[in-house]
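Position 1 is the first residue of the sequence, and the numbers go up from there.
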Amino acid sequence: AATNRTGSHDGKVYEEYKLTANNQDIDLSSGNAKSISVLEPGAAEPKPLEPNTDTTLWFNVQKASGDYKFTIVDRNDKVYTATLSWTAPQTVEAVATGQEGGHEGNYYVEYKLGDLDLSSFDAMYQIKPDGNVYELTANADQNLWFKTTGQVEGEHVFLVKKDGTWYVATIEWGAVEGN
């Protein structure tokens, strides 16, 4: 079950899930789980995962669509299986609107991300070309104001969760003629 929490680590964005059986949460931490493995869509063999300090599962939102089949063996050798049916983020185009300008010493260019209204969303992250991830907050604007002052050159990935669906848009900055 989704907990509606998101976060980032090592250049990736994750959504949190808890596993339950008989109305009890299954502790996935290294103190309880002997092993965790996942059979990814199209894979022939399950891939082992390392239990860590988290009692929950953090799933990379940029994974491909399909069924991810998890097997957990707890410290009492009880085996649990769970399937996460995942839908990959829908790609939307980032289109410059032609609006741009300065604010508080920085310069910004406005982008429309598909048909998304960014004045409200569940979560939004920017992954910069250097792998740094930034969580963004909503404001009154329907579009994205991309700060160009001191911006890292290359591909900027924006992940937006709105109304329970993930979307992804990319802005190529500085490396393309005209930026």
Side-chain angles (χ1 to χ4, degrees), residues 1-21 23-29 36 38 40-41 49 51-70 72 80 82-97 99-100 103-104 106 108-149 151-152 154-173:
T3 66
N4 296 320
R5 290 182 49 201
T6 59
S8 64
H9 182 68
D10 287 343
K12 294 182 174 91
V13 175
Y14 296 88
E15 187 166 74
E16 183 186 43
Y17 288 84
K18 65 179 182 171
L19 281 68
T20 59
N23 295 322
Q24 296 279 52
D25 290 349
I26 309 302
D27 179 351
L28 301 179
S29 69
I36 302 173
V38 60
E40 295 183 339
L49 302 175
N52 59 39
T53 57
D54 290 336
T55 61
T56 56
L57 172 71
W58 288 89
F59 189 81
N60 179 353
V61 303
Q62 290 185 275
K63 290 282 194 177
S65 294
D67 287 341
Y68 291 79
K69 298 176 182 184
F70 294 89
I72 298 97
Y80 299 94
T83 300
L84 175 58
S85 295
W86 182 252
T87 302
Q90 294 179 27
T91 300
V92 294
E93 188 175 5
V95 177
T97 66
Q99 298 293 318
E100 52 186 75
H103 180 69
E104 296 181 356
N106 292 304
Y108 295 84
V109 175
E110 183 185 44
Y111 283 86
K112 178 138 184 71
L113 304 185
D115 291 328
L116 295 176
D117 176 350
L118 299 179
S119 63
S120 70
F121 47 78
D122 304 326
M124 183 171 179
Y125 293 87
Q126 176 184 2
I127 304 173
K128 292 191 175 194
D130 60 8
N132 286 319
V133 181
Y134 298 89
E135 185 171 9
L136 306 175
T137 56
N139 58 39
D141 294 312
Q142 294 182 349
N143 295 325
L144 172 71
W145 284 92
F146 182 74
K147 184 173 110 177
T148 61
T149 306
Q151 193 55 266
V152 177
E155 185 177 275
H156 294 258
V157 175
F158 290 87
L159 290 164
V160 181
K161 185 177 183 186
K162 184 161 177 79
D163 300 326
T165 299
W166 283 99
Y167 300 89
V168 63
T170 302
I171 295 174
E172 189 73 37
W173 186 255

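Shown here for D27 and T55, the closest heavy-atom pair between the two residues is OD1-CG2, 3.4 Å. Residues H156 and W173 come closest through the heavy atom pair CD2-CB, 4.0 Å. The shortest non-hydrogen separation linking L19 to A82 is CD2-CB, 3.6 Å. The two residues S119 and D117 make their nearest non-hydrogen contact at OG-OD1, 2.7 Å. Taking all atoms of both residues into account, the shortest heavy-atom contact from T6 to Y125 is OG1-OH, 2.8 Å. Between P89 and L159 the shortest heavy-atom distance is CG-CD2, 4.2 Å.
Y111 has its ring centre no less than 6.0 Å from the ring centre of F158.
Residues T97 and E110 bring a donor and an acceptor atom of their side chains to less than 3.5 Å of each other. Under the 3.5 Å distance criterion, with hydrogens and angles disregarded, a donor-acceptor pair is assigned to the side chains of Q151 and K128. Side-chain contact check for T20 and D25: no donor-acceptor pair (N or O, by modelled atom type) lies under 3.5 Å.
Side-chain atoms of S65 come within 3.5 Å of backbone atoms of A88 as a donor-acceptor pair (strictly under, hydrogens ignored). Checking side-chain atoms of D122 against main-chain N and O of D163 turns up a donor-acceptor pair under 3.5 Å. Between the side chain of K162 and the main chain of S120, a donor-acceptor pair closer than 3.5 Å is present.
Rounding to the nearest 0.5 Å gives a distance of 6.0 Å between CH2 of W58 and OG1 of T56. Atoms OG1 and CG, on T165 and L116 in that order, are 10.0 Å from each other to the nearest 0.5 Å. Within the model, atoms CG of N106 and OG1 of T149 stand 4.5 Å from one another, a figure rounded to the nearest 0.5 Å. In this structure, CG in L49 is found 9.0 Å from CD1 in I72, a value given to the nearest 0.5 Å. Interatomic distance, D67 CG to L84 CG, rounded to the nearest 0.5 Å: 8.5 Å. Atoms OG1 and CD, from T3 and E15 in turn, are 7.5 Å apart once rounded to the nearest 0.5 Å.
Residue Y68 is tested with W86, Y17, F59 for a ring pair (Phe, Tyr, Trp, His ring centres under 6.0 Å); the sole match is F59.
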**Study point:** Check against side chain to side chain contact (heavy atoms under 4.5 Å, CB included), L28 and D54
**Key:** CA-CA 7 Å; L28 301 179; D54 290 336; over 6 Å; no
Exercise for review: Would you sort out whether L144 and M124 count as a side chain to side chain contact (heavy atoms under 4.5 Å, CB included), showing the intermediate values?
Suggested key: CA-CA 11 Å; L144 172 71; M124 183 171 179; 3.7 Å; yes
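A 6.0 Å sphere centred on NZ of K18 holds no more than 12 heavy atoms belonging to other residues, nucleotides or ligands. Within 6.0 Å of atom CG in D115, 12 or fewer heavy atoms from other residues, nucleotides or ligands are found, so the atom counts as exposed in its surroundings.
Judged as a side chain to side chain contact (heavy atoms under 4.5 Å, CB included), and not counting sequence neighbours, the contacts of N60 are K12, Y14, Q62, K63.
Side-chain contact between L57 and F70 is present, with at least one heavy-atom pair separated by less than 4.5 Å.
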Check residues 134-141 and write down every donor-acceptor pair under 3.5 Å in which the side-chain atom is one partner and the other belongs to a residue at least two apart or another chain.
residue	atom	partner	partner atom	Å
N139	OD1	D141	N	2.7

